[in-house]
Amino acid sequence: QVQLVESGGGLVQAGGSLRLSCVASGSFFSINSMAWYRQAPGKQRDFVARITSGGSTNYADSVKGRFTISGDNAKNTVSLQMNGLKPDDTAVYYCYAIITPRVGAPEFQYWGQGTQVTVSS
């Protein structure tokens, strides 16, 4: 069974930095891509950043230039370095992965349990 476990959330002042990490554990064939989403209270879950197994990245416009996603294929991890944090970045951040469980099997989507990021003004 595949699990995604996030870490690194917390409370930070505006302008500060945090680094989130997510590790995929369990038995699977390959990770095709990993991403971060976030959900603020009363709002929908929104895309933040994504990285493919080949290293291609893309970001939401709201975080471009401030957040950096990186991955380690050997360790099945993805990280999100968040700089210049703003109160609007306050949300629960979720790790997301598209994983092929076995050779020839269809891809599955997995979510982590989320980690809270709070940015005070």
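Treat the numbers as computed from the prediction; the structure is a model and nothing was measured.
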Check the hydrophobic clustering (I, L, V, M, F, W, Y; side-chain heavy atoms under 4.5 Å; chains of links allowed) and say if Phe28 and Phe108 are grouped together. yes

Should the pair Tyr37 and Trp111 be assigned to parallel (<30°), tilted (30 to 60°) or perpendicular (>60°) ring geometry? perpendicular

With Trp36 as reference, evaluate Val78, Val63, Ile51 under the side chain to side chain contact (heavy atoms under 4.5 Å, CB included) test and give the passing residue. Val78

Stepwise, does the side chain to side chain contact (heavy atoms under 4.5 Å, CB included) test hold for Phe29 with Ile99? CA-CA 8 Å; Phe29 174 67; Ile99 291 174; over 6 Å; no

Single-linkage hydrophobic cluster, 4.5 Å side-chain cutoff, Val48 and Val92 together: no

From Ile98 CD1 over to Ser30 OG, what is the distance, rounded to the nearest 0.5 angstrom? 11.0 Å

Going through the distances and angles, do Asn32 and Thr100 end up as a side-chain hydrogen bond (donor to acceptor under 3.5 Å, both in side chains)? CA-CA 7 Å; Asn32 304 324; Thr100 299; 3.0 Å; yes

Going hydrophobic residue to hydrophobic residue with side-chain gaps under 4.5 angstrom, can you get from Tyr96 over to Val117? no

Side chains of Asn76 and Ser25: any donor to acceptor distance under 3.5 Å? no

Run the numbers on Leu18 and Phe67 for side chain to side chain contact (heavy atoms under 4.5 Å, CB included), then give the verdict. CA-CA 10 Å; Leu18 281 176; Phe67 291 10; over 6 Å; no

Joint hydrophobic cluster, Phe47 plus Met82, side-chain heavy atoms closer than 4.5 Å: no

Test log, rule side-chain hydrogen bond (donor to acceptor under 3.5 Å, both in side chains), inputs Ser17 and Asn83: CA-CA 4 Å; Ser17 298; Asn83 300 327; 2.9 Å; yes

Decide, yes or no, whether a salt bridge links Asp89 with Lys86 under the criterion of side-chain N to carboxylate O below 4.0 Å. no

Can you see which heavy atom on Pro87 is nearest to which on Ser121, and at what distance? CG-CB, 3.9 Å

Are Val23 and Met34 in one and the same hydrophobic cluster, where Ile, Leu, Val, Met, Phe, Trp and Tyr link if side-chain heavy atoms are under 4.5 Å apart? no

Verdict with reasoning, Ser70 to Gln81, per side chain to side chain contact (heavy atoms under 4.5 Å, CB included): CA-CA 8 Å; Ser70 60; Gln81 179 66 41; over 6 Å; no

List the atom pairs, donor and acceptor, that lie under 3.5 Å between side-chain atoms in residues 3-12 and the rest of the protein, sequence neighbours left out.
{"from": "Glu6", "atom 1": "OE1", "to": "Gln113", "atom 2": "N", "distance (Å)": "3.1"}
{"from": "Glu6", "atom 1": "OE1", "to": "Gln113", "atom 2": "NE2", "distance (Å)": "3.2"}
{"from": "Glu6", "atom 1": "OE1", "to": "Gly114", "atom 2": "N", "distance (Å)": "2.9"}
{"from": "Glu6", "atom 1": "OE2", "to": "Cys95", "atom 2": "N", "distance (Å)": "2.8"}
{"from": "Glu6", "atom 1": "OE2", "to": "Gly114", "atom 2": "N", "distance (Å)": "3.1"}

Would Thr115 and Tyr93 count as a side chain to side chain contact (heavy atoms under 4.5 Å, CB included) if you check the C-alpha gap in whole Å, the side-chain angles of each, and the deciding distance to 0.1 Å? CA-CA 5 Å; Thr115 185; Tyr93 283 70; 4.2 Å; yes

Separation of Arg45 CZ from Arg38 CZ (nearest 0.5 Å): 13.5 Å

